[in-house]
Amino acid sequence: MSRTTVATIHLGALRHNLERLRELAAPAKVMAVVKADAYGHGLERVARALNGSADAFAVASLGDGLRLRAAGHRQRIVVLSGPDQAGDIAEMQRLGLDAAIHHESQLQWLSEASPIRGRVRVWLKVDSGMHRLGFAPERAVAVHQQLATMPGIDPDIGLMTHFAESEVFDGERTREQIERFRDATRGLTGPRSLSNSAAVIGWPDARGDWVRTGGLLYGLSVVEGKSGADFGFRAAMTLSTRLIAINAIKRGERIGYNGLWECPEDMPVGVAAVGYGDGYPRSAVAGTPVLVGGQRVPLIGRVSMDLITLDLRDAPGAKVGDRVTLWGPELPVEIVAAQSGTISYDLTCGMTRRVLFVEDEE
Ligand SMILES: *Cc1c(COP(=O)(O)O)cnc(C)c1O
């Protein structure tokens with residue numbers, strides 16, 4: 001049985017995007033963020049495509065660090081939420097993983113780490129205003145001093161913070177966060193890391209010594225109204241399927257579950273073999289663009305588990321078997337995300353197990 005929904009991962013785009021990030025971020029080093037299975041593109045695949053050219057990888061959990069080491073990658077790997085339990089420290093030492101340290105509970109575990117297994121490299125995470133993970137700014141100096149005295153810790157301690165809305169280029173909050181981080185870490189030695197993808201573009205004075213970029217590596221933007229291509233990045237995923245039916249439907253008839261869309265005239269309605277069971281968003285509204293053989297046509301009716309319906313009035317040449325593209329270089333995923341009330345990251349992360357992944361060198 002062949003699967004019709006295919007996610008094509010463009011390896012050349014990934015390499016281009018990393019180079020572009022390097023240019024924009026220079027002289028800062030680039031941490032390639034590959035959490036959530038590389039934003040749905042495949043952790044091992046993306047790491048292999050970048051083939052040693054990222055200065056470091058960043059992952060959400062120790063398990064992903066293990067996968068990268070098992071695949072033979074020797075770069076620094078930063079576990080963005082650090083150890084979750086005491087036993088993780090020895091594992092991180094064994095695998096040579098950097099740990100982001102954000103909470104008092106982790107200090108106790110680290111203080112018991114034996115230097116014999118190799119010193120743990122740590123990044124002290126400061127909460128400069130996002131209020132998710134991190135030490136309060138007024139604790140930064142004391143925690144830094146405490147870490148510096150621990151025998152199992154590498155004395156070159158990194159300093160890190162994360163922005164809540166760096167994609168708002170004229171917003172106040174990022175400016176405040178930059179200042180709070182600067183004040184909290186003044187006088188402390190060690191490399192600084194503040195910027196995610198949007199900050200690399202919009203907040204050059206937050207560049208620091210390391211940027212931590214995920215989205216743009218995959219050609220994805222979270223800046224409102226902009227796609228990755230608008231900043232010189234290339235989409236690294238194409239999601240495509242086939243047209244499996246074209247039906248002539250009469251004026252006044254209603255299409256799909258709950259009859260959400262009514263035909264304004266007698267018209268051809270296309271059916272494509274993709275749905276929320278593949279990760280195409282069920283929340284996509286009528287009018288969301290879809291490419292049929294290169295022609296943009298609007299989605300109509302409710303997205304089903306396995307199928308979507310399309311208004312083919314503007315695609316008179318469409319025929320059963322035609323390739324249907326849901327997103328990719330010719331149709332930015334950011335547009336589909338905006339029509340679905342979410343962001344591009346959410347869509348690429350949401351590919352399900354029945355989607356067939358293939359690679360393309362372009
Ligand atoms: C996910 C994440 C990033 C990367 O964010 P992008 O917007 O994808 O570049 C950077 N830092 C931390 C702490 C993260 O969790």
Side-chain angles (χ1 to χ4, degrees), residues 14 17-18 20-22 24-25 28-41 43 46 50 54-62 64-65 76-84 97-103 106 122-135 158-169 171 173-174 177-178 181 191-204 206-224 226-228 230-233 235-237 333-334 337 342-350:
L14 290 167
N17 292 342
L18 181 59
R20 175 101 183 103
L21 279 167
R22 280 197 177 292
L24 286 172
K29 292 187 178 172
V30 177
M31 224 181 258
V33 180
V34 290
K35 63 195 185 190
D37 211 26
Y39 292 42
H41 296 66
L43 174 63
V46 168
L50 301 179
D55 299 304
F57 290 110
V59 294
S61 65
L62 196 157
D64 284 352
R76 287 179 77 169
I77 299 173
V78 181
V79 180
L80 291 171
S81 51
D84 293 338
L97 306 180
D98 289 22
I101 301 302
H102 58 83
H103 196 263
Q106 296 171 321
V122 297
W123 292 84
L124 166 57
K125 185 154 182 179
V126 178
D127 174 14
S128 57
M130 179 155 172
H131 305 314
R132 193 178 60 177
L133 293 182
F135 290 94
L159 298 161
M160 176 186 284
T161 197
H162 192 47
F163 295 131
E165 57 168 39
S166 57
E167 72 279 10
V168 183
F169 293 161
R173 293 214 180 100
T174 305
Q177 285 196 262
I178 293 169
F181 180 71
R192 264 69 172 167
S193 176
L194 301 82
S195 293
N196 54 3
S197 291
V200 168
I201 294 170
W203 298 91
R207 201 135 295 163
D209 303 297
W210 285 83
V211 299
R212 307 183 307 273
T213 46
L216 288 177
L217 182 61
Y218 312 101
L220 304 173
S221 154
V222 291
V223 179
E224 195 172 347
K226 300 276 189 199
S227 70
D230 293 323
F231 302 111
F233 291 84
M237 180 191 286
V333 62
E334 289 84 357
T342 188
I343 61 168
S344 54
Y345 299 4
D346 184 21
L347 298 190
T348 62
C349 281

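Sequential numbering from 1 along the given sequence is applied to the chain's residues. Read the numbers this way: they start at 1 and go in the same order the structure lists the ligands and their atoms.
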Tell me: protein heavy atom nearest [atom], and distance?
| atom | value |
| --- | --- |
| atom 11 (N) of ligand 1 | Arg212 NE, 2.9 Å |
| atom 12 (C) of ligand 1 | His162 CE1, 3.4 Å |
| atom 3 (C) of ligand 1 | Lys35 NZ, 3.7 Å |
| atom 8 (O) of ligand 1 | Tyr39 OH, 2.5 Å |
| atom 9 (O) of ligand 1 | Ser197 OG, 2.6 Å |
| atom 6 (P) of ligand 1 | Tyr345 OH, 3.4 Å |

Q: State, without any angle test, whether Asp98 and Trp123 hold a side-chain donor-acceptor pair at a distance under 3.5 Å.
A: yes
If you compare all heavy atoms of [X] against all heavy atoms of [Y], which two are closest, and at what distance to 0.1 Å?
| X | Y | answer |
| --- | --- | --- |
| Val78 | Met160 | CG1-CE, 4.3 Å |
| Ala99 | Pro83 | CB-CD, 3.9 Å |
| Phe169 | Ala198 | CE2-O, 3.5 Å |
| Leu14 | Ala236 | CD2-CB, 3.7 Å |
| Leu18 | Ala54 | CD2-N, 3.7 Å |
| Val211 | Ala25 | CG2-CB, 3.8 Å |

Q. Which atoms of ligand 1 are found less than 4.0 Å from any heavy atom of Asn196?
A. 5 (O), 6 (P), 7 (O), 9 (O)
Q | Subset of ligand 1 atoms that lie under 4.0 Å from at least one heavy atom of Arg132 | A | 15 (O)
Q. At the 4.0 Å heavy-atom cut-off, does Met130 count as touching ligand 1?
A. no
Q. Does Lys125 come within less than 4.0 angstrom of ligand 1, counting non-hydrogen atoms of the residue?
A. yes
Q: Please check if atom CZ in Arg22 has more than 12 non-hydrogen atoms from other residues, nucleotides or ligands closer than 6.0 Å.
A: yes
Would one find an N or O of [X], backbone or side chain, under 3.5 Å from an N or O of ligand 1?
| X | result |
| --- | --- |
| Gly214 | yes |
| Gly215 | yes |
| Thr213 | no |

Q) Of Ser128, Ser193, Ser195, which meets side-chain hydrogen bond (donor to acceptor under 3.5 Å, both in side chains) against Thr161? A) Ser128
